[in-house]
Structures are given as structure tokens and as C-alpha cells.
Trainee: 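One structure, pasted below without further comment.
Heavy atoms only: backbone and side chains are in, while hydrogens, waters and symmetry mates are out. Per chain, numbering begins at 1; letters A, B, ... match sequence-line order.
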Amino acid sequence: MKPAPFTYHDPTTADEAVALLATHEDAKILAGGQSLMPMLNMRFVVPDHVVDLNRIDGIAGVRDTGDSIEIGAMTRQRDLMRDGVIAAKAPIIPAALHWVGHFQTRNRGTIGGSLCHLDPAAELPCLMALYDAELTVQGPDGARKVSFAEWPLAYMLPSIGPDELLTSVSVPHWGGNTGHGFVEFSRRHGDFAIVAAGALLTVEGGKITRAAISIGGADVRPIRLTDAETALVGAAPDAAENKGAFKAAAEIARGIEAMSDAYVSSAYRQRLAATLVERALSAAAKNLNGSA
Amino acid sequence: MADTRDIELTVNGESHAANVETRTSLGDFLRHGLGLTGTHMGCEHGVCGACTVMVDGEAVRSCLMLAVQANGQEVTTVEGLAEDDGTLNALQAAFWKHHGLQCGFCTPGMLTSLTAFLRDNPDPSERDVREAISGNICRCTGYQGIVDAALDAAKTMQKGS
């Protein structure tokens with residue numbers, strides 16, 4: 001239950017971190033440590049080098065660029081929950097973070113760590129799928145942008161090289177009269193979700209003009225329910241009239257590919273996905289507030 | 001050759017300098033390096049909450065942080081919670097009064113977590129308290145005494161301030 005010996009590096013710039021990753025074979029990046037540290041303690045991971053990002057300036061913090069929110073990869077989950085720009089422009093992020101671990105782990109855990117660890121049931125990847133956020137990755141040859149749709153390659157495998165570093169995430173503003181809903185089901189509060197669902201709806205003139213739905217925990221990567229999103233456009237969002245539209249979206253959710261494991265069957269995950277998508281949409285329709 | 005670093009940090013108001021192996025967790029350093037055995041190592045993978053300490057005022061798992069990462073920071077452990085004259089502080093006294101502990105293994109993590117929580121949420125509901133300690137496992141009390149203690153301590157602390 002103690003980590004095997006490694007060589008520790010604590011660079012102070014992103015360039016230095018990338019250079020260390022390029023120089024050393026078998027290096028692991030340490031961000032908030034809420035996933036890597038357990039794996040080191042249990043010796044599931046035995047790297048020769050650990051590159052700690054906690055002393056790097058300039059890769060944490062939140063900035064409003066006008067049409068998006070730029071979030072530094074080392075921004076802690078706690079700070080996302082306390083940030084004024086995020087509360088105003090993307091309130092679904094703090095709402096979903098309430099489901100992430102416990103306040104003690106959110107005090108260390110980072111958005112970049114969660115997106116690179118890429119647990120299928122984690123909330124932040126599900127949110128970034130919902131927004132189709134754009135990720136900035138720095139490597140030895142400079143920076144490149146990756147759309148979140150292209151980020152998860154396979155189970156817990158993000159599109160990032162061994163000598164690359166995720167530095168920031170850009171979450172586009174939705175603007176307009178937008179509502180959000182994020183719901184999940186787990187056996188205990190703070191556990192990874194068995195299934196989670198997030199929804200964003202924009203309503204103009206009494207009709208849905210834009211919708212996004214993402215489902216986490218069901219498959220190896222978050223699923224965007226694009227067919228349901230398209231079908232929702234033009235529907236009325238108020239409770240009396242939307243029954244059909246939200247039920248139809250739930251039925252599409254029931255048809256997703258879903259994993260099964262020793263505890264939860266794929267059929268149960270599909271049923272949960274249907275129920276949670278309907279609840280997330282209903283929640284979104286109820287909190288339309290001009291921004292989300 | 002072990003990979004080591006010199007670190008300096010403040011623990012419960014006292015400065016310490018030490019040479020630590022970089023793979024040593026903050027919790028193990030506090031216990032074995034400084035002899036502060038009030039911090040309990042339970043699961044050592046971030047689930048049980050027994051090892052919770054405050055680093056720069058925020059409650060964190062000391063099993064999920066390396067000692068070297070606490071270099072230059074201020075750490076508060078359960079040993080640092082009592083009043084200056086050694087008497088129990090309001091939260092500790094409430095734990096005693098409401099039977100908020102039995103075997104005591106979870107207690108350091110409960111106290112440090114709730115210290116940070118009550119500072120940020122001085123007037124919590126029962127539900128808030130239950131959520132705050134959802135990351136701290138107690139196998140003795142059934143939590144009721146702990147929740148009662150936290151709510152009572154919140155009242156006492158509000159009166160005192």
C-alpha cells in the first residue's frame with residue numbers, strides 16, 4: 001500500500017514539463033492526484049518518473065474569452081464550483097461537480113486530471129461531451145487543439161501522446177434563453193455514477209431551438225444523443241406539451257450501447273439512461289434563465 | 001538510491017524541515033517523520049477519509065498527497081485543533097457530549113473535515129452535514145452522534161463569534 005520508488009520532478013513551466021516527458025521513458029503526470037495516487041499506493045501503476053504539475057504557473061484558472069470559457073487544466077474542481085464566470089455562463093458545471101467524489105477530493109482534483117484519466121463514469125468528461133469542448137494539448141512541437149468528440153479513443157484512453165500535456169479546455173457559451181439539467185444514479189453519494197445524464201436546452205419563441213444531451217457511465221466514453229437532440233428542435237419545452245418529445249428522447253436513450261459488469265447489466269444501464277435523460281431534460285426545461 | 005528532497009512546512013503552527021523520500025505520502029510523513037500519530041491511515045486510496053488533514057486551510061486526503069507536495073505549505077492535523085490551553089475546542093467538545101465517536105479511528109478525519117466545512121458553512125442543515133461527512137467512513141456510531149455533534153458545534157460556534 002505504498003508507492004514503489006520513482007524519481008520525482010516538479011517543473012515550474014509547461015514547457016519544462018513537456019521536456020521532462022520527452023526525455024524520460026515511463027513517466028506519469030501527477031495533477032490533483034485523486035486517481036493516480038491511489039493507483040501508485042496500490043502499485044497498479046509503477047512509473048519510473050512522476051512529473052508533478054502542481055508548481056506550474058499559468059495552467060490553472062478560469063477566463064471568459066467572450067464566446068467561450070477558457071479553463072486551465074490544473075483548475076481544481078473546488079475552484080470550478082466557486083467561480084463566478086462559470087456560475088453565470090455554465091451553471092451545469094458546478095451542478096454536476098456536486099456529484100464528483102467528496103469535498104475533500106474536490107479540493108485537490110482537477111478538470112485536466114479527470115479528462116486525462118477518462119473514467120467512463122466521470123462527470124467532467126460527460127459535461128465536456130455535452131459542450132463538445134475544445135482541448136489544448138501541448139507537445140514538443142507546440143500546441144494542438146482537439147475536439148472532445150475526438151478525445152476518447154477507447155476505454156480510459158484519451159487522444160494524448162506520452163510526451164504531451166493537456167493545458168486548457170475551452171467550453172463554448174450557449175447564451176440565449178438556456179436551461180440545464182444534470183442527474184445521475186449511484187449506489188452511494190460520491191461513488192462513480194452507474195449512469196449520468198446532462199442536458200442543455202435553448203428556447204426561443206416558446207420552442208426548443210437547440211438541444212444537447214450526453215450520457216456518462218453507460219459506455220466506455222460519454223455518448224451524445226444526436227438523434228434525440230435533432231428531434232427535440234421545434235418541440236415546446238413546457239411540461240404539459242413536452243411529454244411526447246422528452247419521452248421520445250428517453251426512448252432513443254434506451255437504445256444506446258451499454259456496458260455490463262459484475263454488478264450492473266447493460267439492460268439496466270439502458271433503462272437508467274432513459275429515465276435520467278427524461279429527468280435531465282425536464283430539469284433543463286424548468287430552469288431556463290437566459291444563460292447556461 | 002532513494003529519491004529524496006528537502007522540504008520545509010508548518011504543521012499546527014510549528015515549522016519543520018525534513019529530508020523526505022519523494023514517494024512518502026503526507027500522512028505517513030506526519031506520522032512517521034513528525035510522530036503526529038493522530039492522523040490515521042485507513043484505506044490509503046482516498047475512500048475512507050480517516051487521514052484527512054487541512055493543507056492551507058482546505059481539507060484533503062493526506063494519503064493522496066505526497067509529503068514533498070506540502071513543501072512551503074501550512075498543515076493542520078487533529079493535534080492542532082484544541083484550544084491553546086489544551087482544552088477541547090467547540091467541535092471536539094460536541095463530539096464528546098453527543099458520543100460522536102466510539103473506537104476513534106475515523107475521528108481525526110471527521111474533525112478536520114468538519115472544521116473546514118463549518119468554517120465555510122457556519123449554519124448548515126442536517127442534510128449539508130451528512131453530505132459533508134459522506135466521504136468519511138465510520139463503522140461504529142451509525143453517524144447520528146457525529147451529525148448531532150456537528151450541528152451542536154455549529155450553534156456554539158455561531159454564539160461564540
Trainee: Any salt bridge linking B:Asp152 with B:Lys155? Criterion: basic side-chain nitrogen under 4.0 Å from a carboxylate oxygen.
Mentor: no

Trainee: If you count heavy-atom pairs under 4.5 Å between each of B:Glu131, B:Arg5, B:Met54 and chain A, which one has the most?
Mentor: B:Arg5

Trainee: If you count heavy-atom pairs within less than 4.5 Å of chain A, which of B:Thr24, B:Leu64, B:Asp3 leads?
Mentor: B:Leu64

Trainee: For chain B, find which of A:Pro5, A:Gly101, A:Gly33, A:Ala4 contributes the most heavy-atom pairs closer than 4.5 angstrom.
Mentor: A:Pro5

Trainee: Give the minimum heavy-atom separation between A:Ser114 and A:Gln77, together with the two atoms involved.
Mentor: CB-NE2, 4.4 Å

Trainee: Heavy-atom cut-off 4.5 Å, strictly under: side chain, backbone, both or neither for B:Met65 against chain A?
Mentor: both

Trainee: What part of B:Val68 lies closer than 4.5 angstrom to a heavy atom of chain A: side chain, backbone, both or neither?
Mentor: both

Trainee: Tell me, side chain or backbone of A:Arg55 under 4.5 Å from chain B's heavy atoms, or both, or neither?
Mentor: side chain

Trainee: Please check if any side-chain donor atom of A:Glu70 sits under 3.5 Å from a side-chain acceptor atom of A:Ser168, or the reverse.
Mentor: yes

Trainee: Return yes when atom CD of B:Gln144 has more than 12 non-hydrogen atoms of other residues, nucleotides or ligands closer than 6.0 Å, and no otherwise.
Mentor: yes

Trainee: Identify which part of A:Thr7 has an atom lying under 4.5 Å from any heavy atom of chain B, answering side chain, backbone, both or neither.
Mentor: both

Trainee: Does any heavy atom of chain A fall under 4.5 Å from the side chain of B:Asn71, the backbone, both, or neither of them?
Mentor: both

Trainee: What orientation do B:Phe117 and A:Phe103 show, parallel under 30°, tilted 30 to 60°, or perpendicular over 60°?
Mentor: tilted

Trainee: With no hydrogens and no angle check, is any side-chain donor or acceptor of A:Asp261 less than 3.5 Å from a backbone partner on A:Val264?
Mentor: yes

Trainee: Please flag which part of A:Arg82 lies under 4.5 Å from any non-hydrogen atom of chain B: side chain, backbone, both or neither.
Mentor: side chain

Trainee: Could you tell me which portion of B:Thr52 (side chain, backbone, both or neither) has an atom closer than 4.5 angstrom to a non-hydrogen atom of chain A?
Mentor: side chain

Trainee: Heavy-atom pairs under 4.5 Å with chain B - which of A:Arg106, A:Met42, A:Gln104, A:His98 has more of them than the others?
Mentor: A:Gln104

Trainee: Should we say atom CZ of B:Arg23 is surrounded by more than 12 heavy atoms from elsewhere, each under 6.0 Å from it?
Mentor: yes

Trainee: Can you tell me which portion of B:Asp56 sits under 4.5 Å from chain A's heavy atoms? Options are side chain, backbone, both or neither.
Mentor: neither

Trainee: Mind ranking A:Asp10, A:Leu36, A:Val50 by heavy-atom pairs under 4.5 Å with chain B and telling me who comes out on top?
Mentor: A:Asp10

Trainee: Is it the case that the side chains of A:Thr13 and A:Asp15 hold a donor-acceptor pair, with the cut-off being a distance below 3.5 Å and no angle test?
Mentor: no

Trainee: Heavy-atom distance under 4.5 Å to chain B: side chain of A:Leu40, backbone, both or neither?
Mentor: neither

Trainee: Any side-chain donor paired with an acceptor under 3.5 Å for A:His49 and A:Asp26?
Mentor: no

